[in-house]
2 protein chains.
Amino acid sequence: MAAHGARSRSGGRPTLEEVAARAGVGRGTVSRVINGSPRVSEATRTAVEAAVAELGYVPNTAARALAANRTDAIAFVVPEPETRFFAEPYFSDVLRGVGAELGETEMQLLLIFAGNDRRRQRLAQYLAAHRVDGVLLVSVHADDPLPDLLTQLEIPAVISGRRSADEALPSVDSDNFAGAHSAVEHLLGRGRTCIATITGRLDVYGAQRRLDGYRAALTDAGHRVDESLVAPGDFTEEGGRRAMTELLAAHPGVDAVFAGSDVMAAGARQVLREAGRRIPDDVALVGFDDSAIARHMDPPLTSVRQPIEEMGRAMIDLLLAEIADDRPASARRLEHRQLVLPTELVERASS
Amino acid sequence: MAAHGARSRSGGRPTLEEVAARAGVGRGTVSRVINGSPRVSEATRTAVEAAVAELGYVPNTAARALAANRTDAIAFVVPEPETRFFAEPYFSDVLRGVGAELGETEMQLLLIFAGNDRRRQRLAQYLAAHRVDGVLLVSVHADDPLPDLLTQLEIPAVISGRRSADEALPSVDSDNFAGAHSAVEHLLGRGRTCIATITGRLDVYGAQRRLDGYRAALTDAGHRVDESLVAPGDFTEEGGRRAMTELLAAHPGVDAVFAGSDVMAAGARQVLREAGRRIPDDVALVGFDDSAIARHMDPPLTSVRQPIEEMGRAMIDLLLAEIADDRPASARRLEHRQLVLPTELVERASS
DNA sequence: AGGTACCGTGGGAGCGCTCCCACAAGTGAT
DNA sequence: ATCACTTGTGGGAGCGCTCCCACGGTACCT
């Protein structure tokens, strides 16, 4: 099984050279076959493939990376602490979509948490060393320096969730505005009259857009927007609790709440229950994300679904295209590659 | 800012050579400084460090990997589809612990899903190419060929959750037996008399041990174990539902259930509620894992906590030790590096 | 004074690959 | 027959690093 010729220290694995010798061809030819170049005759290709199979040859990625200046790896960068990442189902959902799509390619996925300064420092070093071909960025706040760093280093990157309406980097987002709009419309349709909202961190563009959607839905239906019905949250459960507490104090008569995320809705639900409000009888509740939490909540939560799988797929597609594209970055940046995918309201017992 | 001398194609990044020239020393010396070798004079070290800082030098990992035959990366391998991985909080919890611990080192984390045959094929290739220095394996079933492959390729690996009592690979596990034992003891202490259990897949050693703990607790208290109170689950919510349905049909008088995981407990809860059983009044419920689900459940679920963070930490420590250890694998394997960490019962309203 | 030891250092040799130039052989137009 | 082009191929050069050998210098023994 193991066999043949002088072997290097690297665990006795065969090299290109050895495959070439075995197949009776040159090194370059084997390289061409491995990389699927069309400029190889059928006979030669067959011979090389046989040698590869016999020797169990697997290319050395480090050597390839060094010579070709690429790594066949992309980084999934989370500019948050691990805790936050795993507490927020949105992140894992995106990661799941990305993983599924990437499984079909030769690319490898690196998971990088950059939740504190030291980690960010390390990440910057890491990126400067060009250890990945591209970067997937989730949950980027408006003032995050990371995207600019990426641009400056000319590393292909795709953002999940734009930072603003005129995002410079390619991005994939869901239609937060329309999603929020439909949620509020739904509540209005159910005859609710005092509809509050709990927002996410408003320096996250998506949270802002959900708020815009909330406002627009009310205005479109001919209602005035009462700004005291808008309670700021921060995407955490605790934030949801706080916001709901405030809301209840200011508006005891509130009969519906649109929360900017399922996690915040969960927090709100706790407060509502403690206050003796029944869901949906007294207060209707709608979330956003349609994560596992929504299905498990009691009662199950009506929520705005985002096509996460598709978003993951789209991010990878965009990124791979970006990586393959070798025009200068300046030329690329002119084309706006912004994808906005539709949302869908999933109605459950909470509304 | 960018400056000095001829630059290679690799994005104008400085090389060791250039740093050496700048510091007025040889290439070897710079390498020694970078790698923290003690055999460098203080003066030289300072000079080199200055040059590194001025040039913004970052070592090229591909070159290093090629020359030194190491990659500074480890893989977190999940032999399950993404879906399963994210549905089971245990996995993400371990990953979180690992991520936190690894953040303190220079190692990078690769996330690899090997949930179907194609993926496994790719993984095997990947491992054969020695693209990682070590592997972390979660959720390994008794008959999984992956551990043997790892052993054969002499790739350092650590398993989360032993496959059997005499696991060959280094492993980190929690004390499933004691955890289950304490859970059942707790139920007995609450005066419950008809205590059922829903097991995980019994080809997972941990699930088996939890069942053993259940049995032992009953016997220790002088009770006979009624095997018809043991319902097989598979760690999924649906499995929990099925098992609970069976249990309820066979033993309408059941007044306590110990589920082998929180997810299964969630499934059981649904069925209990639909059957009109109140928790904990009619039926007490205890889970395992103390995951987020337990805290969010209604009522909050009593559950057996595993020290996940610590387990992640321990896995990394073991793996790094394994990687650093360059004795032949055969010598290593004799020492059993099996870590079993204690569990703790977290009492909540469900029992 | 000579010998031995060690320290800090420079730089050659290689790691296994890709890139690319050169060249042989074949093809078709002139 | 000649030239121009194409196609397939071999192999040199080089990617940026680590490893290691060899060298000069200092320190301490005989």
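Keep in mind it's a predicted model, so treat the numbers as computed, not measured. Here is the naming used below: chain letters follow the sequence lines, and residue numbers restart at 1 for every chain.
The side chain of A68(A) has dC19(C) as its nearest neighbour among dT18(D), dG16(D), dC19(C). Side chain of R39(A), nearest nucleotide from dT18(C), dT18(D), dG8(D): dG8(D). When the nucleotides dG11(C), dG16(C), dT9(D) are ranked by their closest atom to the side chain of V40(A), dT9(D) comes out on top.
Close to dT9(C), at under 4.0 Å from its OP1 or OP2, lies a side-chain N or O of S41(B). Contact annotation: S31(B) side-chain N/O to dT18(D) OP1/OP2 distance is under 4.0 Å. Phosphate contact (OP1/OP2 of dG10(D), side-chain N/O of T29(A), threshold under 4.0 Å): present. Look at T15(B) and you won't find any side-chain N or O under 4.0 angstrom from OP1 or OP2 of dC15(D).
Atom CZ of R64(B) is separated from atom P of dC15(D) by 19 Å (rounded to the nearest Å). When the P atom of dC19(C) is taken as reference, atom CZ of R27(A) falls 13 Å away, rounded to whole Å.
A heavy-atom distance below 4.5 Å is not found between the side chains of M107(A) and E101(A).
For the pair R70(B) and A43(A), nearest-nucleotide mapping onto DNA chain D gives the more 5' position to A43(A).
Taking 3.5 Å as the limit, the base of dG8(D) and the side chain of R45(A) contain no donor-acceptor pair of atoms between them. Below the 3.5 angstrom threshold, one finds no donor paired with an acceptor across the side chain of R13(B) and the base of dG16(D).
Ion pairing of D144(A) with R120(A) is present here, as a side-chain N (NZ or NE/NH1/NH2) and a carboxylate O approach within less than 4.0 Å.
Relative orientation of the F85(A) and F113(A) rings is perpendicular, given thresholds of 30° and 60° on the angle between their planes.
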